[in-house]
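Everything on this sheet refers to the single structure shown next.
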There are 2 protein chains.
Amino acid sequence: MKWQQRKSWETRCKLLNAALTCLERDGFHSFRLDRVASEAGVSKGALTHHFSNKDDLLVHAIEKVLDEFVDALARGVEEFHDDHLTLDGFLDLMWQHMSGQLYMVTLEIALKARHEPGFKDLLTPQVRHFHSRIDDIWQQLFPHLSPERASHLMNLSMNLLRGMGTQSVFREDSEYFNELLRAWKAMLRQQVAS
Amino acid sequence: MKWQQRKSWETRCKLLNAALTCLERDGFHSFRLDRVASEAGVSKGALTHHFSNKDDLLVHAIEKVLDEFVDALARGVEEFHDDHLTLDGFLDLMWQHMSGQLYMVTLEIALKARHEPGFKDLLTPQVRHFHSRIDDIWQQLFPHLSPERASHLMNLSMNLLRGMGTQSVFREDSEYFNELLRAWKAMLRQQVAS
DNA sequence: AAAAACAAACCGTCAAGTCGGTTTTTATTG
DNA sequence: CAATAAAAACCGACTTGACGGTTTGTTTTT
């Protein structure tokens, strides 16, 4: 029980990464299990061995990407407290992730969940956990504000970034998004100061 | 050339509405032409007679919904100038539309466009036209601000609402969204005043 | 008569899931 | 320490069902 365990974990990991790659590249509508398998360099049989079906694979893939995002933010807040990162820098970190693979993948999944109650139920616990972790992070970011106010500012920021992520589908213009971000940072500083 | 023209226009319209209904209810992944036909109360043959294929139907449907949205905002800005609508009320109007059929449909379409360059090319002119009309509206809303500043505030607002629309998939809690909106209105007033 | 509006059967394609089989690793036993 | 049984990892052909587009036929209008 050693070589097998490790090998198993490795192919599982390869499959999850391949699933995320395919989901971002092809979208859920054109998400094909055999393409995931070939992207991971294993057979379709191996995939079905590790994940009982499409939904199972997707749920675990989304779990992975959300965890990695929150981990990155948690490291960010540490740097913030050590004065190695400004508030602006923290927002840059958020945008860096939200404009990459993460957001598009969660968007694809969210739309799927919207139309499949069973799948949504599978995801809801993950989503709740994700939000509570992010909420914690913002409470740490602004310990001098009331928890409600910190949550508000966090949710406004997250939703702004979500919207920007969505708009980036049709408008590929990083300078424009940087400007928006700059404007938001200024408003946020104002709110935090008052 | 009269009964025919009218009948034709009627079934076209029924088909477009049915397409929007199906797209919001089922999502693009489960968007089926025969379901659109039965939703519209016509046969599949009628559908293929009016629209050459799926993409053609979708492009015209999205055109319709975007036009209706901007028309509503245009009426809103008139009421604003006649002092029948406050800035808060105008944002409520925007959120009312963005939290309804409009945004979910555009989201489905945006994700499709993201993975199908040909389809994206079909939509890009529509999207540009949409944005220029919305931009005009915000310029009319804030004639005393610089065009750049008005555009900034518009894009921040739109993207915030987009993000809220996205989040509403997992969080059905209208009071929460009203609170966020209230906070944003306050910040926006501050920005407009200064 | 001709063209438009509509109906519905048909077919080719394509992917998810199933399943019997193969190879490799781990546990057991004399 | 083999020998071997058992279990896990993996492979890929096949079935099955579904849907988009085509095509042929029918009715109604001009």
Q: In whole angstrom, give the distance that lies between atom NZ of B:K7 and atom P of D:dT29.
A: 9 Å
Q) Given atom CG of A:D34 and atom C1' of C:dT13, what is their separation to the nearest angstrom? A) 14 Å
Q | Between D:dC19 (C1') and B:L33 (CG): distance, integer Å | A | 8 Å
**Q.** Sugar-phosphate, base or nothing in reach of A:T11, heavy atoms under 4.0 Å
**A.** sugar-phosphate
Q. Within this structure, what is the CH2-to-P distance between B:W9 and C:dA5, rounded to whole angstrom?
A. 15 Å
(Q) Rounded to whole Å, please give me the gap between CD in A:Q5 and C1' in D:dA7. (A) 14 Å
Q | Minimum-distance nucleotide (side-chain atoms of B:T48 versus C:dA7, C:dA5, D:dT22) | A | D:dT22
Q: Classify the nucleic acid contact of B:F31 as base, sugar-phosphate or nothing, counting any heavy atom under 4.0 Å across all strands shown.
A: sugar-phosphate
**Q.** Among C:dA7, D:dC11, C:dA5, the one nearest B:S43 by side-chain distance
**A.** C:dA7
Q | Whole-Å distance separating the CZ atom of A:R32 from the P atom of C:dG17 | A | 12 Å
Q. So, A:E172 and B:K120, do they make that salt bridge, N to O below 4.0 Å?
A. yes
Q) Tell me: CZ of B:R6 to P of D:dT29, nearest whole Å? A) 13 Å
Q | Pairwise 5' ranking along DNA chain C for A:G45 and A:R35, keeping only the more 5' one | A | A:R35
Q) Less than 3.5 Å between a donor and an acceptor, one on the side chain of B:K44 and one on the base of C:dA7, is that the case here? A) no
Q. So, A:H131 and A:D135: side-chain donor and acceptor under 3.5 Å apart, yes or no?
A. no
Q: Taking only Lys NZ, Arg NE, NH1 and NH2, and the carboxylate oxygens of Asp or Glu, determine whether A:R6 and A:E10 approach each other closer than 4.0 Å.
A: yes
(Q) Starting the side chain at C-beta, find the nucleotide from D:dC19, D:dG20, C:dA7 nearest to B:K54. (A) D:dG20
Q) Bend across the helix from C:dA1-D:dT30 to C:dG30-D:dC1, to 10°, with axes taken over 5 pairs at each end? A) 0°
Q. Between the side chains of A:T166 and A:Y103, does any donor sit under 3.5 Å from an acceptor?
A. yes
Q: Starting at atom NE2 of A:H49, determine the distance to atom P of C:dG17, rounded to an integer number of angstrom.
A: 17 Å
Q) Have A:Q191 and B:Q190 got a donor and an acceptor in their side chains that come within less than 3.5 Å? A) yes
Q.
For a quick test of reading the model: is some side-chain N or O of A:H50 closer than 4.0 Å to OP1 or OP2 of D:dC10?
A. yes
Q: Calculate, to the nearest 0.5 Å, the distance between atoms CD and CG belonging to A:E116 and B:D26 respectively.
A: 10.5 Å
Q) What pairs with B:R182 under salt bridge (Lys or Arg N to Asp or Glu O under 4.0 Å), at least two apart in sequence or on another chain? A) B:E175
